[in-house]
> 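Structure incoming, see below.
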Amino acid sequence: MKFHIQTWGCQMNDHDGEKLSGLLSAEGFEAVAEAGDADLVLLNTCSIREKAVHKVYSELGRLREEKQRRPLLVGVTGCLAQQEQAALFKRAPHIDFVLGTMALRQLPRLVAEAQAGRGRVIDTGEYPDNHLFPPQVARRRDTAKALVTIIEGCNHACTYCIVPTTRGTERSRPFADVVAEVRGLVEAGYREVELLGQNVNSYAGGCTFAELLARVAEVDGLEWLRFTTSHPMNFTRDLARELVTNPKVAPFLHLPLQSGSDRILKRMLREYTIDQYLERLGYLGEGRSRLALSTDFIVGFPGETDEDFEATMQVLETVQFDASFSFIYSPRPGTPSLRLKDDLPMPVKSERLARLQQRQAELTLASNRRFVGREIPVRIESRTATEQGWWLARSGEWKTIHLAAGPGRELPFGELVQARITQASPHFLGAELV
Ligand code: 5AD
Ligand code: SF4
């Protein structure tokens, strides 16, 4: 039996895909790179915005045709599976099974039942041990950086967000399990780890998130530690201190802001004002200048006036984010913001998004230019040079680096090397080996 998993969405979903892949491999199934070569295709879906959902349905449409030509099992998991549950079978009757986000370990059973010819197999139950997934089972794709779950679910209630529905309430893994997993990963050759959760800084697995960072950083041989993603209200002074003082914690913080208007933040139920967000950034003190800071914005939230949007443009100037990810508000089924009147015309929303992204591109370029002339550690992320002779690498600040090694020189995949930054462009930094 050959299987192919297609994953959309965030790192949490990526890592779920790695866990699911491991479960199938343990059953003796063989992973293949192309859906066309697989007997089982598993769609590991995202439903954060309508566009993500469209992609899933269009892939399902393609698979329906393929299924008419040859025997094929089709399973759906991830956030859309959890959100739609059995309704998926109505919309796409050729789906063989549906697996929820909190029932990952039920996958082999569901596949066996589907193979036995039982139609419409489904498990979207909430298994209390889902977050205790045995670490050795996961089959990781990246061999330089390992993803490690520390907390699942989210206890916030942002009015636009589907995640509390699709990922449930917060469940933290015991810290000893996390540390043991990282130790095992380092023994297996990984030197960089990214701790994952919908909201890592409300971690409560026997210590605080700041303490967890310190404990994981103590693992011998670990070089870089990252984490994603954080809610500003759970961003503590202790965490800020760990971030700026612990040399193993990569100098990068993603702290989603969503809007520069207090009025809109309130309608989003973000639980903070702009001043409170800025106060959290203030916790970083002097260390702030050594960090790269990124954020998320939603534009065109119901009721967003020109004035509200100008406040968002203003906050870009105040904070000078190194990067930001911005999206047009997408109404999600079952979320509280559906009840808000959403009468802003799409062209207005698009124009706002374009303005924000244009200004951010300038700020990102300015941020990149500040690196020129500096010598920084970067991790080699490619096994071969590109046609142009560049090696791809990544800095602690999460900048993409194009590294020139000189003709005929091989660079050590996965390792840290010192690079001198020679040029800045909007999307990457050019560098040479020191
Ligand atoms: N519409 C648009 N963007 C959204 N995000 C979350 N929900 C929505 C939505 N309904 C964005 C937020 C979040 C990022 C992961 O996706 O900015 O931080
Ligand atoms: Fe998409 Fe959010 Fe689910 Fe991640 S948690 S897959 S971003 S809906």
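Each ligand, and each atom within it, is numbered from 1 in the order the structure gives. Nothing fancy with the numbering, it's 1 onward along the sequence. Side-chain atoms are counted along with the backbone in the values below, which use heavy atoms only and exclude waters and symmetry mates.
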> Would you say Q258 and Y160 are linked by a side-chain donor-acceptor pair, where the criterion is simply a distance under 3.5 Å?
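Per modelled atom types, Y160 and Q258 side chains form a pair under 3.5 Å.
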> For a side chain to side chain contact (heavy atoms under 4.5 Å, CB included) with R332, tell me which candidate from I48, V53, T165 qualifies.
V53
> Could E218 and R215 be called an ion pair, given the rule that one side-chain N must be under 4.0 Å from one carboxylate O?
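A salt bridge is absent here (no side-chain N lies under 4.0 Å from a carboxylate O).
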> Can you find an N/O atom of S330 closer than 3.5 Å to an N/O atom of ligand 1?
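Min N/O separation from ligand 1 is below 3.5 Å for S330.
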> Which is closest to atom 18 (O) of ligand 1 in terms of heavy atoms, D296, V163, V299?
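Comparing heavy atoms across D296, V163, V299, the nearest one to atom 18 (O) of ligand 1 lies in D296.
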> Measure from the ring center of F175 to the ring center of Y203 and say whether it is less than 6.0 Å.
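Centroid distance F175-Y203: not below 6.0 Å, so no.
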> Looking at atom 16 (O) of ligand 1, what's its closest protein heavy atom, distance included?
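Ranking protein heavy atoms by distance from atom 16 (O) of ligand 1, first comes R49 NH1, 2.9 Å.
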> Looking only at non-hydrogen atoms, which of T165, T101, V53, I48 approaches atom 8 (S) of ligand 2 most closely?
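Among T165, T101, V53, I48, the closest heavy atom to atom 8 (S) of ligand 2 comes from I48.
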> Before accepting this row, confirm whether a basic side-chain N of the pair R109/E113 lies closer than 4.0 Å to the acidic partner's carboxylate O.
yes
> Tell me if a side-chain donor or acceptor on H94 pairs with a main-chain N or O of F89 at a distance below 3.5 Å.
no
> Relative to atom 17 (O) of ligand 1, which among Q258, E50, M268 owns the nearest non-hydrogen atom?
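Nearest heavy atom to atom 17 (O) of ligand 1 lies in Q258.
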> Which residue owns the protein heavy atom closest to atom 1 (Fe) of ligand 2, what's the atom, and how far is it?
C46 SG, 2.4 Å
> Could you tell me, atom by atom, which parts of ligand 2 come under 4.0 Å of a heavy atom of C79?
3 (Fe), 5 (S), 6 (S), 8 (S)
> Do the side chains of R171 and D129 get close enough for a salt bridge, i.e. N-O under 4.0 angstrom?
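Judged by the 4.0 Å cut-off on N to carboxylate O distance, R171 and D129 do not form a salt bridge.
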> Please determine whether any non-hydrogen atom of T335 lies less than 4.0 Å from an atom of ligand 1.
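It does not; every heavy atom stays at 4.0 Å or beyond.
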> Any idea which protein heavy atom is nearest atom 7 (N) of ligand 1, and the distance to it?
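That would be Y160 CD1, 3.3 Å.
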> Is there an N/O/S atom in C10 that lies less than 2.8 Å from atom 1 (Fe) of ligand 2?
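Coordinating: no.
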> Could you identify the single nearest non-hydrogen protein atom to atom 2 (C) of ligand 1 and state the distance to 0.1 Å?
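I find the closest protein heavy atom is I328 O, 3.4 Å.
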> Which of these passes side chain to side chain contact (heavy atoms under 4.5 Å, CB included) with L338: D342, T335, L340?
T335
